[in-house]
Each structure stands twice: as C-alpha cells, then as structure tokens.
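What follows is a single structure, written as structure tokens, with notes after it.
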Amino acid sequence: MDRIRRGYRGAASRETASAEQTDPQTYGDGVVRKHIVVTGLVQGVGFRYETLRRARRIGVVGWVRNCMDGSVELEVQGEPLRVASMIEWLWQGPEWSRVDDVTVESIPPLGRLEAESTFIVTR
C-alpha cells in the first residue's frame with residue numbers, strides 16, 4: 001500500500017505512473033486498478049459527484065462512496081497515466097473540500113475496459 005503525502009504528491013504520482021507500467025497488478029493491455037481512501041473534509045461538499053465528473057473526463061472507470069468514518073473510498077481502473085491523473089486530482093478535490101490524506105493500494109484489474117463501462121457513485 002502506498003501512502004502519498006501532500007508534500008510529495010506531484011513527484012510520487014509521476015513515479016507511480018512510470019512504475020505501474022511494469023506493476024504485476026497491471027492487466028495485459030496496461031490497465032491498472034487502485035483502491036483509494038481520501039480523508040479530510042470530504043463529505044457534504046460534493047466530493048463524490050465531482051469525483052464522478054472528473055473520472056468521466058479523465059477516462060477511468062470505477063466507483064466512489066462515503067464511509068462511516070467520514071472518509072471517501074473509491075476504486076479506479078484505467079490506463080496507468082489516467083489513473084495517476086485521477087489520484088493527483090483527488091488531492092485537490094472540489095473547491096469546498098479539504099484533503100488531508102490519500103491512501104492508494106494496487107489491486108488486480110477486473111478485466112478490459114469496455115466502451116459501456118462507467119464510473120458510479122454509491123452511498
């Protein structure tokens with residue numbers, strides 16, 4: 001599990017993106033999947049819906065939901081550079097949020113991305 005700290009997020013994202021090209025959790029066509037937990041002021045500020053909009057714009061699939069402890073949990077799957085771009089955005093979130101920490105864990109991809117795949121918001 002990688003914990004990306006605020007002071008190092010730019011460098012860490014670039015290193016992560018290049019390292020994922022040879023990551024054993026990468027699907028045969030270069031697709032990666034990440035389980036991510038975002039902490040801070042991330043509930044009640046539109047974080048999930050802005051995450052949905054950003055994910056669709058970047059071109060990744062997955063899901064996002066609020067957790068009982070006040071964090072937001074999501075899974076993101078896509079090309080390594082797109083996933084890294086999504087993680088970078090999560091550090092900023094919508095303008096009303098305050099992100100304290102982003103924890104990223106590599107998990108096995110679910111399969112090839114399909115044109116009908118999407119990003120969803122759950123409770």
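Here the structure is a predicted model, which means the values were calculated and not measured.
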Rounded to the nearest 0.5 Å, what's the gap from CD1 on I58 to CD1 on I87? Could you check? 10.0 Å
Would you please name every residue forming a side-chain hydrogen bond (donor to acceptor under 3.5 Å, both in side chains) with R53, sequence neighbours left out? E50
Sorted by chain and residue number, the side-chain hydrogen bond (donor to acceptor under 3.5 Å, both in side chains) partners of S97 (sequence neighbours excluded) come out as none
Looking at every non-hydrogen atom in both residues, tell me the closest pair between G30 and P80 and how far apart they are. O-CD, 2.7 Å
Can you get from W91 to V37 by hopping between Ile, Leu, Val, Met, Phe, Trp and Tyr side chains that sit under 4.5 Å apart? no
In Å, rounded to the nearest 0.5 Å, how long is the span from CZ of R57 to CG of L52? 10.5 Å
Set of residues satisfying side-chain hydrogen bond (donor to acceptor under 3.5 Å, both in side chains) with respect to E75, sequence neighbours excluded: R33, W63
Indicate yes or no for a side-chain donor-acceptor contact from T51 to the backbone of F47 under 3.5 Å, with no hydrogens or angles considered. yes
Those residues at least two apart in sequence (or on a different chain) that pass side-chain hydrogen bond (donor to acceptor under 3.5 Å, both in side chains) with Q43 are none
Could you list the residues that satisfy salt bridge (Lys or Arg N to Asp or Glu O under 4.0 Å) with R82, not counting sequence neighbours? E79
Shortest non-hydrogen contact from V32 to P109? CA-CG, 4.2 Å
Separation between CD1 of I36 and CG of L74, rounded to the nearest 0.5 Å: 4.5 Å
How about W96 and V42: do any of their side-chain heavy atoms sit closer than 4.5 Å? no
Could you measure the distance from the CZ atom of R65 to the CD atom of E73? Nearest 0.5 Å is fine. 4.0 Å
Hey, could you give me the CG/OG distance between L90 and S85, rounded to the nearest 0.5 Å? 9.5 Å
Within the structure provided, determine whether V99 and D101 are in side-chain contact (heavy-atom separation under 4.5 Å). no
Quick check against the 3.5 Å criterion: does Q77 have a side-chain atom that pairs as donor or acceptor with the backbone of L110? yes
side-chain contact (heavy atoms from CB on, under 4.5 Å) evaluation trace for R54 with M86: CA-CA 7 Å; R54 182 59 58 136; M86 186 69 198; 4.0 Å; yes
